[in-house]
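Beneath this line is the structure, given in structure tokens, with notes to follow.
Numbering of ligands and ligand atoms starts at 1, following listing order. Everything quoted here is computed from the prediction, not taken from an experiment.
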Amino acid sequence: MLLDEIEPLKQAALAELKAAPDPAALDQTKGNYLGAQGKFTALMKQLGALPREERPAVGKLINQAKAELESALAERRVELELKAALPKEPTDFTLPGRRRSLGKLHPLTQVTEDIVRSFRKIGFVVADGPEIEDEYHCFDALNTPADHPARDSQDTFYLNADEKALLRTHTSSVQIRVMEKQRPPVRIIVPGRVYRRDNPDATHNPTFQQIEGLYVDSGVTVGDLKGTVEFVFKELLGEGIKIRFRPHYFSYTEPSFEIDFSSPMTKKMGKEWLEIAGCGMVHPVVFEKVGYDPEEWTGWAFGFGIERIAMIRYNINDIRLFYENDVRFLRQF
Ligand code: DAH
């Protein structure tokens, strides 16, 4: 009887698909029962031989069995695919984990932050100004005349010849911007990027960083300047360093000095003294430009390159290393 064949055939199919070891074998089983030449297909074909009134009931049973088989096949396929996706080797939970490497601050940022921290201890605050400047704030207000060589287009990046917009050549322009807005006392430091038309070599780069300092109050002296600079540089580079002031010329200070420093490191570099900064007492003309009475107020200012300090601190002999973003270099700091 056709009716009696359905259940055993289904059981045989279920047993076979449970035993299928992989998806290929499962496909084989599916073909054997449900394919064009499959055993259930053959049963269907025999339906025609049954008396007409029995056909619907038997047909329904065959279809039910086929549907059951289809879902068992799908279930088994998922099972086999999961099994295939499992790692072949057992997992060794005692192996070290994979660590994501942490980034860190750039050496120039570290040096800047250390300098800022030292100045904060003695009451200075950080000020900021634009990198795109005008000639007035970069030069004129700093008592730098129109024919000064620093203003030459050979030395300065001008953005627009008519309006004379330029990339600031030093952070000194921020002295002016702060004093224009604020009455004394002023105690600021200004870390920031500056731009000059230099060809890159071991000690020059057209973009570099400076820190400017400005202190204005009544009765400020060169002694205050020297004491402050000494305090900060000793914090930064160690008690073993020596500092000296050497007369120099800047148009926005009078008197003006260059600051040299000496340490076991500079001696290793073959130099007793290395110049690191410019400074001086703020010129009366600068005070007049910002509306401060030079008879009432006195002050000092300084500016130095951050790269220079970082090179001394970390014993680096080429400034360009700071900008190449080579992680083998950066990782060392
Ligand atoms: N602006 C000078 C430079 O870029 C550095 C400097 C010298 C800044 C003397 C000052 C100063 O504030 O008083 O070389």
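- Nearest-heavy-atom check against atom 2 (C) of ligand 1 across Phe208, Tyr249, Tyr252, Phe250 picks out Tyr252.
- No close placement of the His170 and Phe250 rings is indicated, their centers lying 6.0 Å or farther apart.
- From Leu166, atom CG reaches atom CG of Asp134 across 7.0 Å, with rounding to the nearest 0.5 Å.
- The nearest heavy-atom contact from the protein to atom 12 (O) of ligand 1 is Glu212 OE2, 2.5 Å.
- Close approach to Gly278 involves these atoms of ligand 1, each under 4.0 Å from a residue heavy atom: 6 (C), 7 (C), 9 (C), 11 (C).
- Looking at ligand 1, you won't find any N or O of Gly213 less than 3.5 Å from one of its N or O atoms.
- Listed by number with element, the atoms of ligand 1 under 4.0 Å from a non-hydrogen atom of Gln175 are 12 (O).
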Taking it one step at a time, do Asn32 and Glu16 satisfy side-chain hydrogen bond (donor to acceptor under 3.5 Å, both in side chains)? CA-CA 10 Å; Asn32 287 347; Glu16 195 174 318; 3.2 Å; yes
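- Between Phe302 and Phe119, a ring centre-to-centre spacing shorter than 6.0 Å is recorded.
- Heavy-atom contacts of Thr253 reach the following atoms of ligand 1: 13 (O) (cutoff under 4.0 Å).
- A salt bridge does not link Arg244 with Glu272: every distance from a Lys NZ or Arg NE/NH1/NH2 to an Asp or Glu carboxylate oxygen is 4.0 Å or more.
- Note: Phe233 and Phe304 meet the aromatic proximity criterion, with ring centroids under 6.0 Å apart.
- For atom 14 (O) of ligand 1, the nearest non-hydrogen atom from the set His248, Arg196, His170 comes from Arg196.
- Of all atoms in ligand 1, numbered sequentially from 1 with element shown, those under 4.0 Å from a heavy atom of Cys279 are 7 (C), 9 (C), 11 (C), 13 (O).
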